[in-house]
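Read through the structure below, which is laid out as structure tokens, and then see the notes.
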Amino acid sequence: METVRLDYVIQNIQPLVMSNRYASQTDHYIRGQSVLGALAENYLSMENTSAEDKTFQDLFLKGEAIFSDLFFSCPDNKKKKEYDKNEQNNKNKEEKIYRKYIPAPLFINQLKKSKKYVNLAGQSNGEEGEEYQIEKGNTPRKLKTKFVYITEDNVVDVAEPVIDIVYHHSKKQISANGKREFYMH
């Protein structure tokens with residue numbers, strides 16, 4: 001069986017509600033399970049399709065298709081300019097080239113005081129300067145909800161999606177302990 005990989009970019013046209021396992025948190029990416037569910041729902045909404053179809057079974061139930069998580073990305077204008085310059089007969093000038101960010105690995109941290117990014121797995125040559133000295137209280141902090149893109153020059157670009165927390169409050173929602181409940185997404 002031949003393996004085919006599809007790379008694609010989606011752009012949300014309105015805010016997404018990305019629930020997490022915990023009520024007070026949200027995901028900063030789209031889970032592969034959500035992609036599978038959305039595509040399965042779309043497939044079943046077409047005429048003459050059902051959950052008993054072989055295609056539906058193969059794609060969504062038997063695990064023959066893998067739906068991976070979708071992470072933050074943004075257009076890479078520098079690479080786009082280089083691409084346009086090198087492609088004289090580029091037929092599709094509107095094509096965008098995207099930076100594919102990944103969840104920040106545990107070894108990339110940001111220093112508390114100087115805000116510099118450090119690779120904790122790399123070897124220090126001692127020539128980094130005072131702004132990198134951990135001994136003076138400049139402790140490394142994990143980039144918990146952030147995403148990184150490492151350029152060809154080994155420069156770390158850190159970004160994260162814009163997240164809004166919306167609190168729903170209603171006087172009618174009283175919990176068992178008699179207090180008002182707040183809900184977030």
Side-chain angles (χ1 to χ4, degrees), residues 5-36 38 66-86 95-170 173 175 177 179-185:
R5 177 187 168 127
L6 299 176
D7 288 320
Y8 57 93
V9 175
I10 65 167
Q11 180 178 3
N12 55 313
I13 54 177
Q14 60 186 351
L16 299 175
V17 177
M18 302 307 299
S19 298
N20 190 305
R21 293 180 192 123
Y22 308 102
S24 63
Q25 296 179 353
T26 185
D27 283 331
H28 290 75
Y29 62 95
I30 300 172
R31 292 182 180 271
Q33 296 166 312
S34 297
V35 175
L36 182 150
I66 298 171
F67 299 91
S68 59
D69 298 334
L70 304 180
F71 298 120
F72 179 76
S73 66
C74 68
D76 190 334
N77 296 327
K78 183 180 176 187
K79 280 192 175 180
K80 172 71 171 136
K81 288 177 187 172
E82 291 171 12
Y83 175 78
D84 288 343
K85 193 177 358 175
N86 293 334
E95 180 180 340
K96 290 184 181 178
I97 297 173
Y98 288 88
R99 286 185 167 194
K100 296 176 185 177
Y101 287 78
I102 60 170
L106 293 176
F107 61 85
I108 296 179
N109 285 207
Q110 186 175 31
L111 296 175
K112 181 180 179 180
K113 289 184 178 177
S114 66
K115 305 296 184 205
K116 302 280 185 180
Y117 295 109
V118 292
N119 179 348
L120 297 179
Q123 297 295 321
S124 172
N125 60 12
E127 298 176 13
E128 288 86 9
E130 252 182 63
E131 69 269 16
Y132 287 96
Q133 290 181 353
I134 294 173
E135 302 84 35
K136 295 185 178 182
N138 203 13
T139 55
R141 303 290 174 139
K142 294 177 185 168
L143 303 173
K144 293 179 184 173
T145 60
K146 295 184 172 62
F147 294 82
V148 298
Y149 173 79
I150 302 173
T151 67
E152 294 162 356
D153 304 330
N154 285 329
V155 175
V156 176
D157 182 29
V158 178
E160 65 182 318
V162 176
I163 302 291
D164 287 331
I165 298 177
V166 179
Y167 293 94
H168 294 279
H169 175 68
S170 171
Q173 295 292 336
S175 66
N177 62 7
K179 296 185 178 180
R180 293 187 180 144
E181 297 278 330
F182 287 90
Y183 298 90
M184 291 186 281
H185 42 178

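Just so you know, these numbers use all the heavy atoms, side chains as well, and skip hydrogens, waters and symmetry mates. Counting begins at 1 with the first residue of the sequence. Owing to the predicted nature of the structure, the values given are computational and were not obtained by experimental measurement.
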One should read off an interatomic distance between L120 CG and L106 CG, to the nearest 0.5 angstrom, of 9.5 Å

What distance separates R99 CZ from F147 CZ, expressed to the nearest 0.5 Å? 15.5 Å

Where do Y29 and L70 come nearest, in terms of heavy atoms and distance? CB-O, 3.2 Å

Determine whether the aromatic ring centres of residues F71 and Y101 are separated by less than 6.0 angstrom. no

As an exercise, state the distance from CD1 of I10 to CD1 of I30, rounded to the nearest 0.5 Å. 4.0 Å

A side-chain contact here means heavy atoms from C-beta on lying under 4.5 Å apart; do Y149 and D76 qualify? yes

Check for a donor-acceptor pair, side chain of N119 on one end and backbone N or O of I108 on the other, with a separation under 3.5 Å. no

State, to 0.1 Å, how close G32 and D69 come at their nearest heavy-atom pair, and which atoms those are. N-OD1, 2.7 Å

Atom CG of N109 and atom NZ of K142: how far apart are they, to the nearest 0.5 Å? 7.5 Å

For a side chain to side chain contact (heavy atoms under 4.5 Å, CB included) with Q110, tell me which candidate from L143, V156, V118, V158 qualifies. L143

Once you round to the nearest 0.5 Å, how far does CD1 of I66 lie from CZ of R5? 11.0 Å

Working to the nearest 0.5 angstrom, can you tell me the gap between T139 OG1 and K113 NZ? 8.5 Å

Does the side chain to side chain contact (heavy atoms under 4.5 Å, CB included) test come out yes or no for V35 and Y8, once each step is laid out? CA-CA 12 Å; V35 175; Y8 57 93; 3.6 Å; yes

